[in-house]
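Below: one structure, written as structure tokens.
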Number of protein chains: 2
Amino acid sequence: MLFAVGEDLHAVATARLRRVDQRYTSGRRVLVEALVEAGRPVTTAELVASRRELPQSTTYRNLAVLEQAGVVRRVLGTDELARFEVAEDLTGHHHHLVCVSCGAVEDFEPPRRVEQTLADAVGRLRTRTGFRAEAHRLDLLGTCGSCAE
Amino acid sequence: MLFAVGEDLHAVATARLRRVDQRYTSGRRVLVEALVEAGRPVTTAELVASRRELPQSTTYRNLAVLEQAGVVRRVLGTDELARFEVAEDLTGHHHHLVCVSCGAVEDFEPPRRVEQTLADAVGRLRTRTGFRAEAHRLDLLGTCGSCAE
DNA sequence: CTACTTGCAAATGCTTTGCAGGAGA
DNA sequence: TCTCCTGCAAAGCATTTGCAAGTAG
């Protein structure tokens, strides 16, 4: 299932929060809208700075709640700053381009063949140590346009 | 180039540090040895706890120096804890299995075919936004043996 | 000798939490 | 109304830095 950005997204968010006994309050909605608007993984600081209605503590708390509910996802770059984006099953599976110079992250959709190869490999994987893979995370590291100049 | 774990490793470390005007002191050597011994990405806290000769501040400082010299690499899991391992070109290219439950990370070498597909994709990539990819990072997310019990 | 390293302790900065007031159902 | 949510300010923690003493070359 894959939803366009719109009313559906908020309906799903409401439902997922309800599953974990949480409400989709206006503050949380603002948070999700800010993430959608960004269109790429953003840091907590960026979120707080983007809207006056997003105080630090509440933002952190709500990101945690939304992450637990499966509405948003934590994304890792090369630095230690936490970045968030709307969950993949709401926006589509994709990967990230991570700038090794400034740490910025942008979205990226790989060729279907690459994706297929990865999915196959992950699906079969179960190591001797008992690790069972469920998903994959592929990031391309390099230099972004701004840093290359 | 790929070096076995042994004297060569220290020789390379010495050389790489020298390139950035740094010395391969006994303290830094202990750090590298601790990383080799671990055989998987370990947190700073684990390193500090593993050897009495590794105080916090020096460990952090030396990891930064060794990272800059290209002797060690920072690895990201799912939590915000920094983990480190000996640089790939000294131990061999590999990927990571990340436990979504406890955050533990172990090494993993994918089938050659997967690796080849990835390398090809990365080699060709240059997006409209001007991003130029240089390397890839593939992690498999799942549940480790301990957490599955 | 001279510059780089070390280690302690204090500082920094991102993130989390206590608590009193406010809002949702 | 009763519980969950919010926001401020204070606390927590991983990480970084100042500084005086130690050490490599």
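For clarity, every value in this text was computed on a predicted model and none was experimentally measured.
- When all heavy atoms are compared, the tightest approach of B:Leu63 to B:Leu31 is N-CD2, 3.9 Å.
- Residue A:Asp21 is classed as having no contact, given no heavy-atom separation below 4.0 Å to the nucleic acid.
- Contacts of B:Ala45 with the nucleic acid, taken as non-hydrogen atoms under 4.0 Å apart, are absent.
- Applying the side chain to side chain contact (heavy atoms under 4.5 Å, CB included) test between B:Leu35 and each of B:Val71, B:Val30, B:Val72 identifies B:Val72 as the sole match.
- Looking at the side chain of A:Arg61, the nearest of the listed nucleotides D:dG18, C:dT17, C:dT5 is C:dT17.
- Spacing between atom CZ of B:Arg29 and atom C1' of D:dA24 amounts to 15 Å, rounded to whole angstrom units.
- Counting to the nearest Å, the P atom of D:dA24 and the CZ atom of B:Arg18 are 15 Å from each other.
- Within the 4.0 angstrom heavy-atom criterion, only backbone atoms of the sugar-phosphate kind lie near B:Thr44; the bases stay farther away.
- Regarding B:Leu54, its CG atom lies at a distance of 16 Å from the P atom of C:dT5, rounded to whole Å.
- Applying salt bridge (charged side-chain N to carboxylate O under 4.0 Å, His left out) to A:Glu88 and the options A:Arg137, A:Arg73, A:Arg74 leaves one that passes, A:Arg73.
- For B:Ser57, counting side-chain heavy atoms from C-beta on, the closest listed nucleotide (C:dT17, D:dT6, D:dT17) is D:dT17.
- Set against D:dC4, D:dT15, C:dG7, the side chain of B:Thr58 has C:dG7 as its closest nucleotide.
- Using modelled atom types, one side-chain atom of B:Arg28 and one backbone atom of B:Arg23 make a donor-acceptor pair closer than 3.5 Å.
- One atom, CZ of A:Arg83, and another, C1' of C:dT15, lie 16 Å apart when rounded to the nearest Å.
- Among C:dA3, C:dT6, D:dT17, the nucleotide with an atom closest to any side-chain atom of B:Arg23 is C:dA3.
- Within the structure, every side-chain polar atom (N or O) of B:Asn62 is placed at least 4.0 Å from both OP1 and OP2 of C:dT5.
- No donor-acceptor contact under 3.5 Å links the side chain of A:Thr25 to the base of D:dC5.
- Checking D:dT15, D:dC5, C:dT16 against the side-chain heavy atoms of B:Tyr60 singles out D:dT15 as nearest.
- Taking atom CD of residue A:Glu67 and atom P of nucleotide C:dT15, one finds them 12 Å apart after rounding to whole Å.
- Cluster annotation: B:Tyr24 and B:Val86 are assigned to the same hydrophobic cluster (Ile/Leu/Val/Met/Phe/Trp/Tyr, side-chain heavy-atom contacts under 4.5 Å, transitive).
- When every heavy atom of A:Phe131 is checked against every heavy atom of B:Val98, the shortest pair comes out as CZ-O, 3.4 Å.
- Counting to the nearest Å, the C1' atom of C:dT12 and the CG atom of A:Leu81 are 14 Å from each other.
- As a whole-Å value, the separation of B:Asp79 CG from C:dT16 C1' is 16 Å.
- Nearest heavy atoms, A:Cys144 versus A:Cys99: N-SG, 3.4 Å.
- The rotation axes computed at either terminus of the helix from C:dC1-D:dG25 to C:dA25-D:dT1 lie 40° apart, taking five pairs at each end and rounding to 10 degrees.
- Counting to the nearest Å, the P atom of C:dG7 and the CG atom of B:Leu31 are 11 Å from each other.
- Using modelled atom types, one finds no donor on one side chain facing an acceptor on the other under 3.5 Å when comparing B:Glu109 with B:His94.
- Note on A:Gln22: only backbone sugar-phosphate atoms sit closer than 4.0 angstrom, heavy atoms only; bases stay farther off.
- Note on B:Ala64: nothing from the nucleic acid sits closer than 4.0 angstrom, heavy atoms only.
- In this structure, B:Ala82 and B:Tyr24 both approach DNA chain D, and ranking their closest nucleotides by distance from the 5' end singles out B:Ala82.
- When the nearest nucleotides of DNA chain D are assigned to B:Glu80 and B:Ser26 by heavy-atom distance, the more 5′-ward of the two goes with B:Glu80.
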